[in-house]
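Input: a single structure, listed below in structure tokens.
Numbered from 1 within each chain, the chains take letters A, B, ... in sequence-line order.
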There are 2 protein chains.
Amino acid sequence: MARRAGTTVQDRIVELIHDRELLPGAPMPTEPQLMDLLGASRNSVREAIRALQALGIVEIRHGYGTFVGRASLDVLTPSLTFRVRTGPGGGIRALHDLVEVRELLETGLIGDVVGTVSEARFAALDALVNGMAHDPGADRAFHALLYEGCGNELVLQLIGMFWDVYHEVGGVLAPPEDRTAQTVANHRRIVDALRSRDRDTAREAMRLHFRDVKQRIARGLSSSVERQPQPELAADR
Amino acid sequence: MARRAGTTVQDRIVELIHDRELLPGAPMPTEPQLMDLLGASRNSVREAIRALQALGIVEIRHGYGTFVGRASLDVLTPSLTFRVRTGPGGGIRALHDLVEVRELLETGLIGDVVGTVSEARFAALDALVNGMAHDPGADRAFHALLYEGCGNELVLQLIGMFWDVYHEVGGVLAPPEDRTAQTVANHRRIVDALRSRDRDTAREAMRLHFRDVKQRIARGLSSSVERQPQPELAADR
DNA sequence: CCTCATTTGTCCGTATGTATT
DNA sequence: TAATACATACGGACAAATGAG
């Protein structure tokens, strides 16, 4: 039926994008066009496109058309969120791992950007720290702004994605617990360290920030395990 | 029709997994069951499941059933590969960013594992270095084995995924170019540094390893740009 | 504002291939 | 081997959304 047996419709659509050298934003062939291009039924084409949409490889606009996507990492957020939530121990272990990866990335990056922060950026960072008490998005913006100048788009999206997942699943596990004062202090220490232009000081400030986050997770562990002894393998079907 | 208007079939299936506390490996309801559970047709259910499969949230076994997945990161490899390949400049920039993230992770991790490597692990690492000349998978196994003991499953999968993407798209951009001698030397230097139990030495050895990789990418840039002046936005449709 | 063509979204019915028992 | 349960695939039809005239 298909050109080759081992090649799925999904893969052949990706091949088509590469062969025609379609760039993100370019219009994809319509469903009927793909049907006779690939020799598949409409349902098969649609299912393949749905999978590609989930991966951010195409974007679908109802009633208008399908377009090549940019495979931004934030489409993978549901996958990571699910992975963390269904991890062993109710996800606390996975959440800890997640924060540790963020720490690894940010403690490494902070050494690269120290000394390259302009006065205008310092002002913006200060403003974000001040607004952190009432604006829940200031934290995310702070970390994004820190590494904006390093020119690595991938690591920026990775850190943003990890932030999203952490706050999404963290809200499910152990809600409020007001810690704004400590959070503000931790971030202010990072800015101060950057102002000192000293690499090791900046790294240490970043480590302290994440030490607090990890402590918060460990606390959430003891309060969420109490009513979840051991979720057995699901029985009914 | 649906319980709420703004909630998609896909999201409601994920809700269902969480509500029933289904763990990875547990059987999902069959398609007919999902149809009347969600009040949707077979096609809608199937398309939603396809998207969830692409994200690794469910696993489909043909002729047998659908099961809860573990959302392993390697299902996201096609997305990252696509992102790199369609990046600006034919993907060399994105490839550089990718390797830089790997460097960030591994130079940070190597400091954590130094001093925790047993004699048996040293022997295994030596064997992998020796086999690196003819076994193409030894490189990947080497980096995986390095951080196996740190207990962070997420970072292990991340490094593995980045390795896969790098070699997959790297093969498309700038093929062979024999560099095994240098590669072997770089990895042997890492093992030697670990034997010295010195954190800074190990980090430096890791940095040298990635300096070579990044140089190789820069070389691939000059040889692939020559016949790709400026790919315009796609015109025909 | 309305109409129209285009495109994606949903649904139905049916037939076929596949793995388990 | 046979039966059963399941996913896979196909074709046709209508609904909903978008953009152009």
Listing time: all N or O pairs from protein to nucleotides 12-15 of chain D that are below 3.5 Å?
from    : atom 1 : to       : atom 2 : distance (Å)
dA13(D) : N6     : Arg42(A) : NH1    : 3.3

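Put simply, CD on Glu59(B) is 18 Å from P on dC6(D), counting in whole angstrom units. Rounded to a whole Å, the CG atom of Asp36(B) is 16 Å from the C1' atom of dC12(C). Atom P of nucleotide dT8(D) and atom CD of Gln10(A) are separated by 13 Å, given to the nearest angstrom. Nucleotide dT18(C) holds its C1' atom 13 Å from the OH atom of Tyr64(B), rounded to whole Å. For the pair Met28(A) CE and dT6(C) C1', the interatomic distance rounds to 17 Å; values are reported in whole Å. Summarising the geometry, the separation between CD1 on Ile60(A) and P on dA17(D) is reported as 16 Å, rounded to the nearest angstrom. In this structure, Leu34(A) places its CG atom 15 Å from C1' of dT6(C), rounding to the nearest Å.
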Evaluate side chain to side chain contact (heavy atoms under 4.5 Å, CB included) for Leu55(A) paired with Gln10(A), printing each intermediate quantity in order. CA-CA 11 Å; Leu55(A) 296 174; Gln10(A) 181 176 336; 4.1 Å; yes

Using side chain to side chain contact (heavy atoms under 4.5 Å, CB included), reason through Ile57(A) and Ile17(A) one step at a time and then give a plain yes or no. CA-CA 10 Å; Ile57(A) 292 179; Ile17(A) 295 177; 4.3 Å; yes

List the steps, then state whether side-chain hydrogen bond (donor to acceptor under 3.5 Å, both in side chains) holds for Asp74(A) with Thr77(A). CA-CA 5 Å; Asp74(A) 46 0; Thr77(A) 300; over 6 Å; no

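Aromatic ring pairs are classed by plane angle as parallel below 30°, tilted from 30° to 60° and perpendicular above 60°; the pair His167(A) and Trp163(A) is parallel. Ring pair His143(B)/His187(B) is perpendicular by interplanar angle, where above 60° counts as perpendicular and below 30° as parallel.
Residues Ile49(A) and Leu34(A) have side chains in contact (heavy-atom distance under 4.5 Å, counting atoms from C-beta outward). Counting only heavy atoms from C-beta outward, the side chains of Leu125(A) and Leu146(A) approach each other to under 4.5 Å.
Take the nearest nucleotide of DNA chain C for Arg61(A) and for Met35(B): the residue whose nucleotide is more 5' is Arg61(A).
Dashed line: the shortest gap from a side-chain N or O of Thr30(A) to OP1 or OP2 of dT6(C) is not under 4.0 Å. Of the side-chain N and O atoms in Ser44(B), one or more sit less than 4.0 angstrom from OP1 or OP2 of dC11(C). Between Thr66(B) and dA7(D), a side-chain N or O to OP1/OP2 separation shorter than 4.0 Å is present.
Using a 4.0 Å cutoff on non-hydrogen atoms, no part of residues 45-58 of chain B comes near DNA chain C.
For Arg121(A), the CZ atom counts as densely surrounded, since its 6.0 Å shell holds more than 12 non-hydrogen atoms of other residues, nucleotides or ligands.
Here the shortest heavy-atom pairing between Val113(B) and Cys150(B) reads CG1-CB, 4.2 Å.
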